Amino acid sequence: MGSTSETSRRDLIKRSVALGVFAVPTMGVLASCASGGDSGGGDKVEKGTKSAKNPLAVNDSAPLDVVIFDGGFGEKYAKDAEALYVAAYPKTKGKIKHASTQKIQSTLQPRFNGGNPPDLVDNSGAEQMDFSTLVGKDQLTDLTPLLDAPSIDDPKKKVRDTLRPGVVEMGQFGGSEILTLYYAYTVYGVWYSRTNLKKLDAEYPETWDDMLALCAKAKKKGVAGWTYPGKYPYYVPFSLYPFIAKIGGSEVLRRIDNLEPGAWKDPAVRAAFEAYYELYKKGYILQGSPGLDHLQSQKAWAEGKALFIPNGSWVENESGKQIDKAGDFDLAVGAPSGLDSSDKMPFGTLWASGGEPFIVPKQANNPEGGMELLRIMLGEKASKNFTKQVSSLTSLNGGTEGLTLPPGLSSAQAALEKAGKNVLNPRLQDWYVALQKEKIGVGCIGEMMAGRMTPAEAINKIQKYADETRKDASIKKYKR
Amino acid sequence: MQHGKYRFIAGFLVLPLAIYAVFVISPFVQAIYYSFTDWTGLSPDFEMVGIDNYTRLFQDGVFWAAVGNSVTLLVLLPVVTISLALFFAFMLNVGGRRTKKAVIGGVRGSGAYKILYFFPQVLSVPIVALLFQFAYNPESGALNSFFSAVGLDGVRPNWLGDPQLALWCVMAAMVWANVGFYVVLFSAGMSSIPKDFYEAALLDGAGRANTFFRITLPLLWDTVQTGWIYMGILALDVSAFAFVQIMSVGPGGPDYSTEVLPLYVYQKTFRDGQAGYATAIGVSLLIVTLIFAAVVMRLGRRERLEF
């Protein structure tokens, strides 16, 4: 062979081809999200004229661009609200651009970066955009004008005064501006079938001893006590966090949210973790749960293979078909069972808070329109429609009169009433997403529930992760 | 007549090189530039932060877990896939019993096997990943149902839910999805090997193994090397990302046992709003890729047989 010019030319081409083959796919990932500069965003629509019917001065003929998260609640409720918007401002007919996706961030990030985001976004789901980044980079419109505008049903009341407690506060990020508005109102807890419990001659257990006894009884009949989505173990906190607060007081959760040093070392955390670990040790968790996703675990639970599942009130809509298939399921939600009589908070203590955060981007062309649509959605008509369609409450306080609520939702409402002042609102999951979902959820709680980590190990590791987050300058911190 | 050779080649390559420069080189440079900024990806304003992103990388345990898993995939995936594909292709084309007329031929029914092997290739990656996810379902999946059916009720692994197994499970799906393509590729390569070589080997009394290692493999070396490079890209790139993203717990878990570099780039950009840091991870992915390229080219250098 030797070095004839024939081979060297071939080698040259071969090498350049090989290099190209490497380079293209590797860098494509990066190139696709190159910064778009600060062009665009200059074509804001003109404001309309302010009137009693139009307190936000909406331009009554301007187009509106809405993006909805197409998750457990679907998108129909938003389309219905848009129809109401068109009815109020007939000149916008055909000008409403509605899109829905499960991939909020990858769809919208280029638009935010390029300075032409939509007018209203339901920033929700596994791929929600990071709030602290949006807030830190001043990408959100202050919704105060909306909250101070009169409610659509009663001109004497401000929108602010028609909302459920805590909703306004959840929209604040350290300052007085309200940057997000949570539309749904979610009740988190332990979801179960009253019918399946009745089959075991049992009531919902109010103490952990009762819980263990009931699980033992179920196990004898070949039914698991609990299941959970092991692929997304950050569902477990929906009942675990209020359990911690019930044992040690809501102070414990506040310290955890504030990333205080040693917050996770609280004895209440230890007690709660050990109680849940016992479920694993005694074999009360449905076999294979660590490998199930949310839909698979909900299916197994709806089929009666397990009694309890930690979840939120969207489960009634999301698993509606399977629950219907089970026949007389009689869905209900229970507040976390207490540990013993020395618990600091009474039985009924519950995690309930806003869900489906809506935002109006700062660079939106028609921010007034986005806010107006939200105002319409918070009216009784749209709110009732939402509740009827997806069996979830909205942030509008009340608005359920005259509706026959499905069993899960009416039980959620009863649970809320019973909780009274003892409604908790842990913020870890919207303040520090990566910490809550991936590090604590998948990395520690999931491992503990699968029996690969002891409670002590899990707590140490979580504390380490929390400390790292506190020290990480690239993450914005919050206090409550 | 050596001088002017490169100018001659470059003359033909002006247009492609220009396109290459705009669409490949410039994003490279941009990406490297962004890796020195605190760009969030959610807003166009950012500041230079020097090598902060890189110092952060070195202390980031998740990043190192991702590097480890990516390198594991990079080393094992080509070996397994290509060995299997070579074995299958050899059996389909050469490994059969000699019939009266043909000197070489595949095992009985090789035509049907070829279709069978190629079949996964027509399925898109997400579908394959979903199929395997169903099979791995510890509650009602095919694998554990099989274990129960044969009386091994005690053996019901959590597959994707077990950090010891998860990466292997993902890898198995990737092998299944890709091996068919290489069977076809190597079959094509084998059919271009002159029959007389085999005849000669046969006369000398060579068995299957000898025929494979002394004749087929050396003559197929170029094709194998190409296949190796492609598998390497697959292991580092979008395919690994898609499989891990769809199949794994978390995704990337449990406990970061399936975290790979492209997924980490994605998570940092699209979940945490840290595009600047993500480009730094991307640059490290580039470095891993270049090392891989250098190693493959070094190891693959062999004398070529012309026939």
Side-chain angles (χ1 to χ4, degrees), chain A residues 1 5 7 9 12-13 15 18-31 33-38 105-106 109 112-115 127 129-130 132-134 136-139 230-233 286-292 296 300 305 433-434 437-438 441-443 446-447 450 452 474, chain B residues 2 5 9 20 23-24 27-28 30-31 34 38-46 56 136-140 144 156 158-163 229-230 233 236-238 249-250 252-256 262 265-267 269-275 277-279 282 285-286 289-290 293 297 303-304:
Chain A
M1 297 284 284
S5 64
T7 25
R9 188 184 300 154
L12 176 75
I13 294 171
R15 270 177 211 172
L19 267 179
V21 156
F22 279 118
V24 175
T26 323
M27 301 312 280
V29 178
L30 307 173
C33 43
S35 172
D38 49 5
Q105 172 130 20
S106 37
Q109 183 153 348
F112 269 88
N113 198 42
E127 254 206 33
M129 288 176 287
D130 189 48
S132 55
T133 312
L134 288 171
K137 289 286 169 184
D138 195 21
Q139 294 290 307
K231 272 194 89 173
Y232 311 113
L286 180 69
Q287 205 174 25
S289 293
L292 301 180
Q296 290 163 340
K305 289 180 186 164
V433 180
K437 287 191 171 172
E438 188 183 293
V442 182
E447 290 300 282
R452 290 187 292 260
S474 64
Chain B
Q2 284 283 323
K5 185 181 75 179
I9 295 171
Y20 189 81
F23 291 106
V24 180
F28 260 86
Q30 276 185 43
Y34 285 126
D38 66 348
W39 181 39
T40 59
L42 282 164
S43 122
D45 45 294
F46 51 79
R56 214 180 123 197
Y136 286 132
N137 181 337
E139 166 65 19
S140 55
N144 281 357
R156 287 175 68 94
N158 270 325
W159 302 114
L160 293 165
D162 186 336
I229 290 177
Y230 270 111
I233 294 168
L236 283 179
D237 214 50
V238 186
V249 167
D255 202 15
Y256 301 114
V265 171
Y266 176 84
Q267 286 174 336
T269 321
F270 290 112
R271 185 195 57 205
D272 302 344
Q274 299 177 3
Y277 186 54
T279 45
L285 178 60
L286 170 75
T289 318
L290 288 180
M297 296 216 171
E303 227 174 88
R304 182 185 282 126

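Just so it is clear, the values below take in all heavy atoms, side chains as well, and ignore hydrogens, waters and symmetry mates. Not measured: the values here are computed from a predicted model.
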message: Please classify the contact of A:Q296 with chain B as side chain, backbone, both or neither, using a heavy-atom distance under 4.5 Å.
response: side chain
- prompt: For B:L42, is it the side chain, the backbone, both, or neither that has a heavy atom closer than 4.5 Å to a heavy atom of chain A?
  reply: both
statement: Counting heavy-atom pairs under 4.5 Å with chain B, the top scorer among A:V442, A:V433, A:D138 is A:V442
- prompt: Do you know which two heavy atoms are closest between B:Y266 and A:S106, and how far apart they sit?
  reply: OH-OG, 4.1 Å
- prompt: Do A:Q109 and B:T269 touch side chain to side chain, with heavy atoms closer than 4.5 Å?
  reply: yes
statement: When the 4.5 angstrom heavy-atom criterion is applied to A:K437 and chain B, the contacting part is neither
- request: Using a 4.5 Å cut-off on heavy atoms from C-beta on, say whether the side chain of A:E447 contacts that of B:P254.
  value: yes
message: If I measure from the heavy atoms of chain A, does B:D272 come under 4.5 Å with its side chain, its backbone, both, or neither?
response: both
Heavy-atom closest contact (A:Q105 atom, A:D130 atom, distance): OE1-N, 3.9 Å
Region of A:A450 that comes under 4.5 Å of a non-hydrogen atom in chain B: neither
- request: Measure B:D162 against the heavy atoms of chain A and call it side chain, backbone, both or neither at under 4.5 Å.
  value: both
message: Does any backbone or side-chain atom of A:Q139 lie under 4.5 Å from a heavy atom of chain B? Answer side chain, backbone, both or neither.
response: side chain
task: Please work out which of the three classes, parallel, tilted or perpendicular, describes the rings of B:Y136 and B:W159, given edges at 30° and 60°.
output: tilted
- prompt: What closest approach, in Å, do A:A300 and A:L286 show between heavy atoms, and which atom pair accounts for it?
  reply: CB-CD2, 3.6 Å
